[in-house]
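Here, residue 1 is the first one in the sequence, and each next residue gets the next number. Please read these numbers as outputs of a predicted model, since none were measured by experiment.
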Amino acid sequence: MSASADGRDRPRLGTGLGVRLGLRGLGLLFLAIGVVGAFLPMLPATPFLLLALGCFGRSSPQLEARLLAHPRFGPSLLAWRTHRAMSRRAKIGACLGKAVGFACFVFFAHPPVWLALAVLGLMTAAAVWIVRRPEPEAQGTTGGEREIGE
């Protein structure tokens, strides 16, 4: 039990062995899907890696630390965790993926106009949300300086 801000004791989620093992298993599953997504263009890696990170955060500090220390995925996961930030490259990739996905949907599924517009609206809303995320601050710079290429 842990004390909350108002002083009352509340049960802590994830302290039991069964819950920790279940979360670790889910984390490993999400990690596997994320690794596959790193190589398949239409399967996003980052959302699954974020889910894995959340599961590992409640079940295995060692696996969480290894994921955060990964040279390719660690910096973006840490930027998301600390500032809810996405790199410009990730934003562009996500928006391009949405555009390609929508084009494939229309071309192959031949949906009714109302459904195509509804999907377009949802994808546009998601793209706007993604574009509005802050970008991580450049490492090793001061003030408003940015890395070259960003």
Side-chain angles (χ1 to χ4, degrees), residues 1-109 111 115-116 118-141 146-147 149-150:
M1 300 285 258
S2 66
S4 64
D6 61 2
R8 289 183 271 177
D9 286 337
R10 296 192 181 161
R12 291 186 61 205
L13 177 65
T15 56
L17 178 62
V19 172
R20 283 195 319 268
L21 289 175
L23 286 172
R24 189 174 303 164
L26 274 175
L28 291 170
L29 174 66
F30 291 141
L31 178 62
I33 296 170
V35 168
V36 170
F39 297 101
L40 294 178
M42 294 304 290
L43 180 64
T46 305
F48 292 104
L49 294 177
L50 287 169
L51 288 169
L53 186 64
C55 290
F56 292 153
R58 301 296 287 183
S59 65
S60 175
Q62 298 84 5
L63 291 173
E64 176 188 35
R66 285 184 67 184
L67 194 53
L68 286 172
H70 190 275
R72 178 179 169 131
F73 302 117
S76 61
L77 294 173
L78 188 59
W80 179 259
R81 176 179 268 185
T82 57
H83 303 290
R84 296 293 189 252
M86 292 177 70
S87 71
R88 186 168 296 162
R89 182 178 175 199
K91 292 177 184 183
I92 291 169
C95 290
L96 285 175
K98 289 187 178 314
V100 169
F102 180 73
C104 289
F105 169 66
V106 170
F107 183 75
F108 292 114
L115 182 57
V119 170
L120 179 63
L122 289 172
M123 288 186 149
T124 302
V128 167
W129 184 84
I130 287 169
V131 169
R132 294 189 57 173
R133 298 299 91 211
E135 292 183 15
E137 294 179 16
Q139 302 245 344
T141 61
R146 303 190 87 145
E147 287 181 336
E150 284 203 1

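- The minimum heavy-atom distance between Ala85 and Pro136, with the atom names listed, is CB-N, 3.7 Å.
- Scanning for salt bridge (charged side-chain N to carboxylate O under 4.0 Å, His left out) contacts around Arg81 gives Glu64, with sequence neighbours left out.
- Ser60 is linked by a side-chain contact (heavy atoms from CB on, under 4.5 Å) to Arg24, Gln62, Leu63, counting only residues two or more places apart in sequence or in another chain.
- Residues forming a side-chain contact (heavy atoms from CB on, under 4.5 Å) with Ala94 (at least two apart in sequence, or on another chain): Ile130.
- Between Trp80 and Leu53, every side-chain heavy-atom pair lies at or beyond the 4.5 Å cut-off.
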Does Leu23 form a side chain to side chain contact (heavy atoms under 4.5 Å, CB included) with Phe56? I'd like the steps, not just the answer.
CA-CA 7 Å; Leu23 286 172; Phe56 292 153; over 6 Å; no
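- Leu77 CG to Thr82 OG1: the interatomic distance, rounded to the nearest 0.5 Å, is 10.5 Å.
- The two residues Val131 and Cys95 come nearest to each other via the heavy atoms CG2-SG, 3.8 Å.
- Side-chain contact between Ser59 and Leu21 is absent, with no heavy-atom pair separated by less than 4.5 Å.
- Evaluation of the side-chain contact (heavy atoms from CB on, under 4.5 Å) rule for His70 yields Arg72, Phe73 as partners, not counting sequence neighbours.
- Applying the salt bridge (Lys or Arg N to Asp or Glu O under 4.0 Å) test to every pair with at least one member in residues 90-108, sequence neighbours left out, gives these pairs: Lys91-Glu135.
- For the atom pair CZ (Arg58) and CG (Leu26), the distance works out to 14.0 Å, reported to the nearest 0.5 Å.
- Between the Arg133 side chain and the Trp129 main chain, a donor and an acceptor come within less than 3.5 Å of each other.
- Distance CD1/Ile33 to CG/Leu40: 11.5 Å, rounded to 0.5 Å.
- Heavy atoms only, all atoms of each residue included: Leu49 and Gly34 are closest at CD2-CA, 4.1 Å.
- Here Val119 pairs with Phe102, Phe105, Leu115, Met123 under the side-chain contact (heavy atoms from CB on, under 4.5 Å) rule; sequence neighbours left out.
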